[in-house]
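This report refers to the structure that appears directly beneath it.
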There are 2 protein chains.
Amino acid sequence: MKKMQRQGCGCYRERHNRWIEPSILYLLYEKKKHGYELMTELPELGFIGKTVDPGAIYRMLRHLEQAGLVFSQWDTTGSGPARRVYTLSDLGRNHLYRWADALEKRRNSLDAFLAKLEAILQKKEDKP
Amino acid sequence: MKKMQRQGCGCYRERHNRWIEPSILYLLYEKKKHGYELMTELPELGFIGKTVDPGAIYRMLRHLEQAGLVFSQWDTTGSGPARRVYTLSDLGRNHLYRWADALEKRRNSLDAFLAKLEAILQKKEDKP
DNA sequence: GGTTATTATATGTCTAAAACATATATAAAT
DNA sequence: ATTTATATATGTTTTAGACATATAATAACC
């Protein structure tokens, strides 16, 4: 087994866990879209650092379709390469509602923890 | 490559990303503790579902020590098996401060996204 | 006309946090 | 004696996301 190998400084990179799935479901809730379109809109949702990985998006779309949360049709009208356009299903819509619940719980626990952290940060600033 | 194999219903299990590290750092900020103690206190922090995985904790403690964020001493006083007691270092304390910043950013993006989700949930409840 | 850029989809491999499982030992409780 | 609680540790699997690259159609450029 290879060694874990992290920086001695304990540096870490923040990873937003499972944000692609709910983000895509949300963007498709508004209206049907193709992968590339999602790729350009995802950063505006604020969940992201710099660039979006196309691989992650197209793979997620395939998974969502397999799970029946979205369905797709090829769109060959217009210019450029063919687009696979995804539509949110009823199942997908309900899934998004459940995601909202889950994310709210996530926020609540995050809030509780941040409150504790802020309390100790306060103490830190008291001593100059 | 094995198949992804997720439930057809699109079920997912919430995973709290990178919560063990800041949680342990926070608990050690209060006072030095051994692994088993952390294991019992972690659920109270709210980040958790049901049970804590001891493996994750002990491995994280080893990593934190390698990174110089904590240091440990064996405590053989008292009854029961020997305890390895961990103390937060200055580096560890600073690391916790940086974690606080990172988690605040995480909360902000989560808040922004939840605001959008709540807006569509509102619309859903409007139609009976 | 030929090269480059943009639009668009797709697959392959790697990383690492967490989940799941199990091994080991001391001592107290039944 | 056997079970339970305390305590630490390692082995294996899963999986979201990161990183890299392949592909093709068409538009834009010189």
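Lettering follows sequence order; numbering is per chain, from 1.
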* For the pair made of CD1 in I57(A) and P in dT9(C), what is the distance, rounded to whole Å? -> 10 Å

* Pairwise distance OG(S89(B)) to CZ(F71(B)) - rounded to 0.5 angstrom -> 7.0 Å

* Asked: Under 4.0 Å between a side-chain N/O of W19(A) and OP1 or OP2 of dG17(D), yes or no?
  -> yes

* Closest approach of L103(B) to P22(B) (non-hydrogen atoms, all atoms of both residues) -> CD1-CB, 4.2 Å

* Asked: Rounded to whole angstroms, how far apart are CD1 on I24(B) and P on dA17(C)?
  -> 12 Å

* Euclidean distance, atom CE of residue M39(A) to atom C1' of dT6(C) [Å, nearest integer] -> 11 Å

* Distance in angstrom units between L61(B) CG and dA9(D) P, rounded -> 9 Å

* Listed in order of residue number, which residues of residues 72-85 of chain B have a non-hydrogen atom at under 4.0 Å from DNA chain D? -> W74(B), P81(B), A82(B), R83(B), R84(B)

* How long is the span from the OH atom in Y58(A) to the OH atom in Y86(A), to the nearest 0.5 Å? -> 8.5 Å

* Of the candidate nucleotides dA16(D), dA10(C), dA19(C), which contains the atom at the shortest distance from the side chain of D53(B)? -> dA19(C)

* Structure fact -> All heavy atoms of L121(A) vs all of A100(B), minimum pair found to be CD1-CB, 3.9 Å

* Asked: Of Y86(A) and P54(B), whose closest DNA chain C nucleotide lies nearer the 5' terminus?
  -> Y86(A)

* Asked: Charged N to carboxylate O below 4.0 Å: is that the case for D75(A) and R84(A)?
  -> no

* Asked: NE2 of H34(B) versus P of dA25(C): gap in Å, rounded?
  -> 20 Å

* Roughly, in whole Å, what's the span from NE2 in H63(B) to C1' in dT15(C)? -> 14 Å

* To do: For R59(B) and P54(B), indicate whether the former's side chain and the latter's backbone hold a donor-acceptor pair under 3.5 Å.
  => no

* Got a donor-acceptor pair under 3.5 Å from the side chain of R59(A) to the base of dG17(D)? -> no

* Asked: Quick one: Y36(A) OH to dT6(C) P, roughly how many Å, whole number?
  -> 9 Å

* Spacing of E41(B) atom CD relative to dT6(D) atom C1', expressed in whole Å -> 15 Å

Identify all pairs in which a protein N or O lies below 3.5 Å from an N or O of nucleotides 1-4 of chain C, and state each distance.
none

* Asked: Does Y58(A) put a side-chain nitrogen or oxygen below 4.0 Å from OP1 or OP2 of dA10(C)?
  -> no

* Asked: Judged by atom type as modelled, is there a donor-acceptor pair below 3.5 Å linking the side chain of E104(A) to the main-chain atoms of L114(B)?
  -> no

* Asked: Is it true that R93(B) and D90(B) have a side-chain N and a carboxylate O under 4.0 angstrom from each other?
  -> yes

* To do: Indicate yes or no: does E37(A) engage R83(A) in a salt bridge with an N to O separation below 4.0 Å.
  => no

